[in-house]
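So the structure is just underneath, and the comments pick up after that.
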Amino acid sequence: LNDQEQLVKQALKGERSAQEKLYKLFSGKMFAVCLRYFPDRMEAEDILQEGFIKVFTHLGQYSGSGSLEGWIRRVIVNTALEKLRKKSFLISLNDHAEAISETSSNGAFSTMEANELLKLVQELPQGYRVVFNLYAIEGYSHAEIAEKLGISEGTSKSQLARARGTLQKQVKELYSIDKLKIVNE
Amino acid sequence: MSNTENLPDEHFRNKLENLEITPSDRVWGGISSHLERSAITQSKRKVLWLWRLSMITLLVSLTATGYVIFGDHGQPEPVKGPVADNAANTVNGAGDDAGKALERSGSSAGSKDISTSIQDQETSSASSSNAQVVPKHGQSSSLSSEIKGSSSSNMTSSSGEMNVSAFSGQNSTGTQKKASETELYNEGSKLPRNELRHADPPEVIKLVQSDEPQADSYSSAAKMASFAGVTLMSSRHLHVRQQELASAFEELEYEQIPEGEVCPHWIVGINYTYGNTYRILKDNSDEYYERYPNMFIDDHKLSKSYYDSIESRSTGYARGLAVGYRLGRLTLKTGIEQSKYEWETAMARGAYQGGQEPSFVIPTAMSYYENDTLGENYAAELFIINSSAPPQFEDTVTLVHSFSYTSVPLRLSYSFTKPCSKVGVAVTGGAAASFLRSYTLTQDGSLQAPEEHYISKQSYQLIAGASVSYAPVRWFSIEVQPTYRRFIQPVNRQQTVKTYPYMLGVQGGLYFRF
């Protein structure tokens, strides 16, 4: 932790080597965050770049009281949301209005690897994906999500429910295909 | 619902929260180049801001100077009232309204002098207290008053005796006053100038010379100061601070003091500074080596003995012209200065470790002194290690770096105390621009290709300072001037090591006026 504080101090002075070390320390995790919002790798890298530029430009605002990783993650997520706003993704929030019933597939989820889960998230429609990411992984409340995305809490809840339903459906399909494969083999 | 709601979320959170995927190298490349551009832009903005500030200061000062020199200062008309109304009457001694003590002539133009002596007035009234006698340019007649021991008049000076004279532009009506007028005037003019300057003018009567227009009445004074001070110069090279002590400083100033005032308006000065320092870098070598144990130059790892081996000595001088103008409590000074500085370095060759072929490095270094007529002595230093030259096997190599600069300082002082009073306290702020005129490098007596590439052609500094002075007598004063000066842009062009020298100095000096 002391090393991180030292790095932050040096980065604040504009020392490029310290900035690079900070980047290397957190870029892996933050890139995974970006990929959850933007499945396209190039687009995710753009968000990562833009986000880290903001991190270094506004590093002085980091108070040092909370976790540095948490602060950087918030900056990256906000950068991603900004980008989505520019792309008018909210239009797609009300798409896919078909009701998807939630059924339990938790056993299947627990056996899946992180990369497989990421792929499932990336395959979600954009509106579902954003709300699911913010609620399930980043830990925002529906009220916070509603404020961030400019939607109602009800919309946030319904998007989340649909996201879950879609994920479970996808897992079921995946597993049934796998089972079929096993049977055929 | 509640059972199923959180479970998939937790799986995703647990597994995705700490997932790491390495991005391509282009991301850091983009971030790095953006930050670099941003830093350059910020630096340019700072310089632009400084230029704007300098231009505004210059414009304001020029406007103020122009106003003082060419402007119509709106000399107030003689006060009408009891004094003016009774001006035709001349009263010598106590008794009537003191306004009568001042004589006012008729309306026709003339050139007779009027003087009035008021002695032992017991009943000086408000009308005399409020009397304002002011000069008028281009008029030849005048009025003089001498007031002695006036017990209740506001005209009484702190010394109990003062000389008051003014232009009235009106004729005398009483010829019997001629004798006393001349006598009093002569007596007044015999007073030493110093007494005149130190006399506290009453608030209601302006103290002016009697028979010359005020604007043309100047006396001159030369001021010489010899400063011996301690200047702590610091620069950060590789995050290690180096310090030196300097120097000697002398200055000569010429002042014009309007007659009847105690403070000069115009100040013209020349100054000359000579500095000589000697430094052995090994004082800092431990710190250097601990902090940067793996410093390489041309694949040679620098050893501690390399730093130990460096000795340097420097000589420099600066000379300049300065001009200042004081307007009330504000003083603006500017000028032009030339400085030259030579830095001689001797170091051992082959001081690397690791069994490499002996070689040596040329530390491309720059230092210079700069000073101005405010008595500030300034030095900045840049130390850049640059590798060149073929292997040599002599014991030592001597390098001489020579720098010449032209500088233009601009500074504004504000005095918290009454200007030119016994005790003076003032603060100063300003900026300076320095321009590199030439740089040469000599190695063992032969001229080398200059490494000018590493040195910025221009540099800008901000100045903040204060001064405290004490003048027990008019011709002598003691001054202490703490000053801080800092570069606001690097003096070198290197991207990796940027040097922002700064100086914190305290000069103490003695001033003699003659």
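So you know, we letter chains A, B, ... as the sequences are listed, proteins then strands, and number each from 1. Since we're looking at a predicted model, the values are computed, not measured. Only this structure's heavy atoms are used, side chains among them; waters, hydrogens and symmetry mates stay out.
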### Query
Would you say the side chains of A/Asn78 and A/Lys148 form a donor-acceptor pair under 3.5 Å?
yes
### Summary
Looking only at A/Met30, A/Lys24, A/Met42, the option with the highest number of non-hydrogen pairs under 4.5 Å against chain B is A/Met42
### Ion pair A/Glu138/A/Arg36, N-O distance below 4.0 Å
yes
### Query
Would you call the rings of B/Tyr460 and B/Phe435 parallel, tilted or perpendicular if under 30° counts as parallel and over 60° as perpendicular?
perpendicular
### Atom group of A/Asn133 that falls short of 4.5 Å from chain B, counting heavy atoms
neither
### Query
With distance as the sole criterion, is a donor-acceptor pair present between the side chains of A/Glu45 and B/Ser24 under 3.5 Å?
yes
### Contact origin within A/Phe132 toward chain B - heavy atom pairs under 4.5 Å
side chain
### Polar contact flag, side-chain donor to acceptor under 3.5 angstrom, A/Ser152-A/Thr155
yes
### Task
Heavy atoms only, distances under 4.5 angstrom: which of B/Asn14, B/Ile21, B/Leu16 has the most pairs with chain A? Name it, please.
B/Ile21
### Task
Identify which of B/Thr22, B/Val27, B/Asn18 forms the greatest number of heavy-atom pairs closer than 4.5 Å to chain A.
B/Val27
### Task
Under 4.5 Å heavy-atom distance to chain B, tell me which part of A/Gln19 shows up: side chain, backbone, both or neither.
both
